[in-house]
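One structure is given here, and the rest of the page talks about it.
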Amino acid sequence: MFLLDSVDDDKKVAYAASFGIDNIKEGYTQIFKEALKNFKAISVREDRGRELINSMANMEVPVVLDPTMLLSRKEWFEIIDDVTIGTINESYVFEYFLGKKTANVRKKTKAMRRKIGKTIEFHNSKGKSRKNFHYGPLEFVKAISNAELVITDSYHAAVFSLIFGVPVIISERNDGNGKMNSRIDTLFKSAGIEKVSLEEFEDLKQVEYMKDFDIDKQMVESRKMSEAFLDEAFLNN
């Protein structure tokens, strides 16, 4: 489906694509090798994705920014300005887990709730809390922008935490097909900021420096490079 066999080759452009995992299962390598060579242009969002494409298809592709990061903090604030998520007049922890919480993760997230106060939880269908299921993407972004702390195993929750300068703690996610944090590792590396792991987290002082992080200053060159890729892919015939 995502290798676009039904689309004309000159219309196949992959921007900030992601395998989502660190290794490809045996048997899929040949499929990717044959399909990737038919793309007009390919870029990925993580270092491991670039390595996988190089090893499978012998192609060099650039690592670009996730589309959400092409907008500045100011532009995102303008987008969510009128979005509401209920009346919240106290500090809160924003939790978003796509994978299963381990006993250690549950223990540490509970400790953060006690220190900060209220918790807003956004979960997938496997989660027990369905309170916020009616909210959409903009409410998701708004909730992160106002949070005192974000705890997550999600790439995009981490992205928006950095965009808004909200301290974020990352939990390792493994869906049975291998580790899935390569995108997050590349995100923090390109941002030039240290990733704080929930498994090793002990004190809020470990993440306070993130409040002063200015992603717009850090990403000037990366945004230019990413936009140049798009210009070349879509405008150059």
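Positions are given from 1 along the sequence.
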Using side-chain hydrogen bond (donor to acceptor under 3.5 Å, both in side chains), reason through E199 and N104 one step at a time and then give a plain yes or no.
CA-CA 7 Å; E199 287 73 13; N104 185 47; 5.8 Å; no

Check whether L65 and I53 end up in the same hydrophobic cluster, where Ile, Leu, Val, Met, Phe, Trp and Tyr are linked by side-chain heavy atoms less than 4.5 Å apart.
no

How many angstroms lie between atom CZ of F229 and atom OH of Y15, to the nearest 0.5 angstrom?
8.0 Å

Side chain to side chain contact (heavy atoms under 4.5 Å, CB included) between L162 and Q218, worked out
CA-CA 11 Å; L162 295 184; Q218 187 66 31; over 6 Å; no

Cluster question for you: counting only ILVMFWY and a side-chain heavy-atom cut-off of under 4.5 Å, with indirect links fine, are I21 and I31 together?
no

What's the spacing between E148 CD and K115 NZ if we round to 0.5 Å?
13.0 Å

For the atom pair CD (E34) and CG (D5), what is the distance rounded to the nearest 0.5 Å?
11.0 Å

Report the C-alpha separation of S72 and R223 in whole Å, then their side-chain angles, then the decisive distance to 0.1 Å, and conclude whether the side chain to side chain contact (heavy atoms under 4.5 Å, CB included) test is met.
CA-CA 10 Å; S72 68; R223 281 179 177 152; 4.3 Å; yes

Passes side-chain hydrogen bond (donor to acceptor under 3.5 Å, both in side chains), T152 versus E95? Steps please.
CA-CA 6 Å; T152 189; E95 284 188 25; over 6 Å; no

salt_bridge(K101, D153) N-O dist < 4.0 Å
no

Flag yes if more than 12 heavy atoms outside K12 fall under 6.0 Å of its NZ atom; otherwise flag no.
yes

Minimum-distance pair of heavy atoms, taken over all atoms of I42 and L36
CD1-O, 3.5 Å

Sole candidate of I184, L187, I215 that passes side-chain contact (heavy atoms from CB on, under 4.5 Å) when paired with V159:
L187

Side-chain heavy-atom pair I151, M112 within 4.5 angstrom cut-off:
yes

Within a strict 4.5 Å, meaning less than it, do heavy atoms of the V207 and L149 side chains meet?
yes

Test R48 against every option in T186, N23, D22, D185 by the side chain to side chain donor-acceptor pair (under 3.5 Å) rule and name the one that passes.
N23

Rounded distance [0.5 Å steps], NZ in K108 versus CZ in R113:
15.0 Å

Kindly indicate whether the side chain of V44, heavy atoms from C-beta on, has any atom under 4.5 Å from the side chain of V64.
no

If I compare all heavy atoms of K217 with all of V220, which pair ends up nearest, and what's the gap?
O-CG2, 3.7 Å

Backbone of T68 reached by a side-chain donor or acceptor of D66 within 3.5 Å:
yes

Between D203 and F201 the two heavy atoms that sit nearest each other are O-CE1, 2.8 Å

Same cluster for V13 and V7 if Ile/Leu/Val/Met/Phe/Trp/Tyr side chains link at under 4.5 Å?
no

Taking the side chain as C-beta and beyond, is there a heavy-atom pair between R106 and T102 under 4.5 Å?
no

Report yes if the side chains of Y92 and T119 come closer than 4.5 Å at any heavy-atom pair, otherwise no.
no

Measure the spacing between CE of M59 and CZ of R50 and express it to the nearest 0.5 Å.
13.5 Å

is_close_aromatic(F94, F160), centroid dist under 6.0 Å
no

For side chain to side chain contact (heavy atoms under 4.5 Å, CB included), just list the numbers for W76 and I144, CA-CA rounded to whole Å, side-chain angles, deciding distance to a tenth of an Å, and then say yes or no.
CA-CA 12 Å; W76 274 113; I144 291 176; over 6 Å; no

Short question: side chain of Q206, backbone of E202 - any donor-acceptor pair under 3.5 Å?
yes

Please check this pair: side chain of K142 against backbone of I80, looking for a donor-acceptor N/O pair closer than 3.5 Å.
yes

Side-chain contact test, heavy atoms from C-beta onward, threshold under 4.5 Å: evaluate it for L198 versus I170 and give yes or no.
no

CA sep, side-chain torsions, deciding dist, call: D9, K40, salt bridge (Lys or Arg N to Asp or Glu O under 4.0 Å)
CA-CA 6 Å; D9 290 352; K40 178 184 178 183; over 6 Å; no

Backbone of K205 reached by a side-chain donor or acceptor of E208 within 3.5 Å
no

Would you find a donor on one side and an acceptor on the other, under 3.5 Å apart, between the side chain of E139 and the backbone of G136?
yes

Atom CZ in R73, atom CD in E78: separation rounded to 0.5 Å?
13.5 Å

Using the rule side-chain contact (heavy atoms from CB on, under 4.5 Å), only one of I116, T109, V150 pairs with V93; which is it?
I116

Shortest non-hydrogen separation from S197 to I169 and the atoms involved:
C-CG2, 3.9 Å

When you look at OH of Y209, are more than 12 heavy atoms from neighbouring residues, nucleotides or ligands closer to it than 6.0 Å?
yes

Do V63 and I193 sit in one hydrophobic cluster, given that two such residues count as connected whenever their side-chain heavy atoms are within less than 4.5 Å of each other, even indirectly?
no

Check whether V141 and L70 end up in the same hydrophobic cluster, where Ile, Leu, Val, Met, Phe, Trp and Tyr are linked by side-chain heavy atoms less than 4.5 Å apart.
yes

Please name the pair of heavy atoms, one in M56 and one in T29, separated by the smallest distance, quoted to 0.1 Å.
CG-CG2, 3.6 Å

Heavy-atom nearest pair, D47 first then K189, reads OD2-NZ, 3.3 Å

Count the heavy atoms belonging to other residues, nucleotides or ligands that lie under 6.0 Å from NZ of K100, then report whether that count exceeds 12.
no

Contact check, side chains of L4 and F39, non-hydrogen atoms, under 4.5 Å
yes

Could you tell me if the side chain of P167 sits less than 4.5 Å from the side chain of K211, heavy atoms only?
yes

